[in-house]
Structure formats: structure tokens, C-alpha cells
K.L.:
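Sending over a structure as C-alpha cells; questions will come in a sec.
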Amino acid sequence: MRRMGTALALALIVSSASAETIERRAVPCFACHGEHGQSETENTPSLGGQQAPYVLIQLFMFREKLRSFDPMNEIAKPLSDADLRTFSDFIATLPKPQPPPDAGEAARMQRAQVLVAQHHCNSCHKPDFSGGENVPRIANQREDYLAKTLAEYKDNTRHGYDGTMADVMQPIPPDQIADLAYYIARVR
């Protein structure tokens, strides 16, 4: 009888965990990525506005340690394929980040627009930087996160699911990376 009671209690715990809503399961995500996926944490991306296929790929890469960041590797480790899809679909419903109130310094914005055209950033990421499918939305992303990520692609410490970004970033010097991050964070 006691074993049956213990088994029943365990079954109730497991069933209540699996019945938990995605909104509730995502609460820990917002501790770092901000309320509604709008990050206020240095070097941490906003999740809002990302496409489900892109998020799915990133979560898979974290789970499989193809992308290395200890907190995310640990969080993604126990997630099933169905969990990855559920989280990526949910994240895709979050509101996209808004540009900062200042329109940016005109000279820096112009320099960056030239770089965007020269390196075809607006080809894969689209002219409005909204991305699509497996290409991330980068419009109005945190400037510090953009600069960090672009520099990591350049020095090959961040790996994507293909080598495109590493190739694109190789000829771009650090001052131009700063201008690109500045511009993309403020694009309207």
C-alpha cells in the first residue's frame, strides 16, 4: 500500500510538471532575457521577435553543446525535441524589441549604412533586419550584445550552424564592428 501511495505521488508530480504551461516554464528565461523577452542585461540578447526556426536551431545547439555558454547548456540539456519546439514557438510570439529613443549619431549611422551595403548584411537579415526562418532578427537588439557577437564571429570564438558569419566578419575591423552594432541597435 505504501509503495502504491509513493508511486501515485510521483505520478502526480510528473503529470503536474508536464501539464505546466509554457508561459510558466519560460519564467526562468526572463530572469536573464528580460520581461517579455526584452533584455536589460548586459551582453544578453532580447528574445522577442525571433523566428521559431532560428530559436529551435539555437536551443538545439545549446542542448548538444554545439554552442557553448554554460547557463544555456545546462538549461537546454534536459529538454526533449518537443520541448525545444514548444519553447521556440512560444519565443516567436514575444514582442520584438523597440529601437532606443535616440535616432543615433548621423555620421555613425551613415558609415554603418555603407558597411551594410558593402557586406550585404541586409541580404540574409533582410533590409529591415527582421531576419527570417533560420536567420536571426537583429534589428533593435542590444548594442553591446551585437558588438560582442560580431567580434566573436570575427575571431572565430562563436560558431554558427554554418560558416557564413565568420566569413562575412573576417575583413571588418573592430571600429567598423562598433559602428555596425550601433546602427543595427537603432535601425528604424
K.L.:
Using modelled atom types only, decide if a donor and an acceptor are shared between the side chain of Q51 and the backbone of P136 within a distance under 3.5 Å.
P.N.:
no
K.L.:
Is it the case that the side chain of R63 and the backbone of I75 share a donor-acceptor pair, with hydrogens and angles ignored and the cut-off at 3.5 Å?
P.N.:
no
K.L.:
Kindly say whether L84 contributes a backbone atom to a donor-acceptor pair with the side chain of T86 at under 3.5 angstrom?
P.N.:
no
K.L.:
Any chance you could lay out the side-chain contact (heavy atoms from CB on, under 4.5 Å) test for L79 and R25, step after step, and finish with the verdict?
P.N.:
CA-CA 11 Å; L79 299 178; R25 290 181 71 194; 3.9 Å; yes
K.L.:
Would you sort out whether D155 and M169 count as a side-chain contact (heavy atoms from CB on, under 4.5 Å), showing the intermediate values?
P.N.:
CA-CA 9 Å; D155 70 17; M169 292 308 299; over 6 Å; no
K.L.:
Under the criterion salt bridge (charged side-chain N to carboxylate O under 4.0 Å, His left out), I'd like the reasoning laid out for R186 against E143: C-alpha separation, chi angles, the key distance, then a yes or no.
P.N.:
CA-CA 8 Å; R186 289 166 177 77; E143 181 179 349; 2.8 Å; yes
K.L.:
Quick check: does any side chain N or O of Y161 sit under 3.5 Å from a backbone N or O of N134, one acting as donor and the other as acceptor?
P.N.:
yes
K.L.:
Are S80 and D83 close enough that a side-chain donor and a side-chain acceptor fall under 3.5 Å?
P.N.:
yes
K.L.:
Determine yes or no for a side-chain-to-main-chain donor-acceptor pair under 3.5 angstrom, with D144 supplying the side chain and N43 the backbone.
P.N.:
yes
K.L.:
Let me see the working for S46 and H33 under side-chain contact (heavy atoms from CB on, under 4.5 Å), right down to the final yes or no.
P.N.:
CA-CA 6 Å; S46 292; H33 294 283; over 6 Å; no
K.L.:
How far apart are the C-alpha atoms of I172 and L180, what are their side-chain angles, what is the distance that settles it, and do they pass the side-chain contact (heavy atoms from CB on, under 4.5 Å) test?
P.N.:
CA-CA 10 Å; I172 302 175; L180 281 171; 4.1 Å; yes
K.L.:
Should we say atom CD of E23 is surrounded by more than 12 heavy atoms from elsewhere, each under 6.0 Å from it?
P.N.:
yes
K.L.:
Could you tell me whether the side chains of R67 and Q58 share a donor-acceptor contact shorter than 3.5 Å?
P.N.:
yes
K.L.:
Tell me if the CZ atom of R188 is crowded by more than 12 foreign heavy atoms within 6.0 Å.
P.N.:
yes
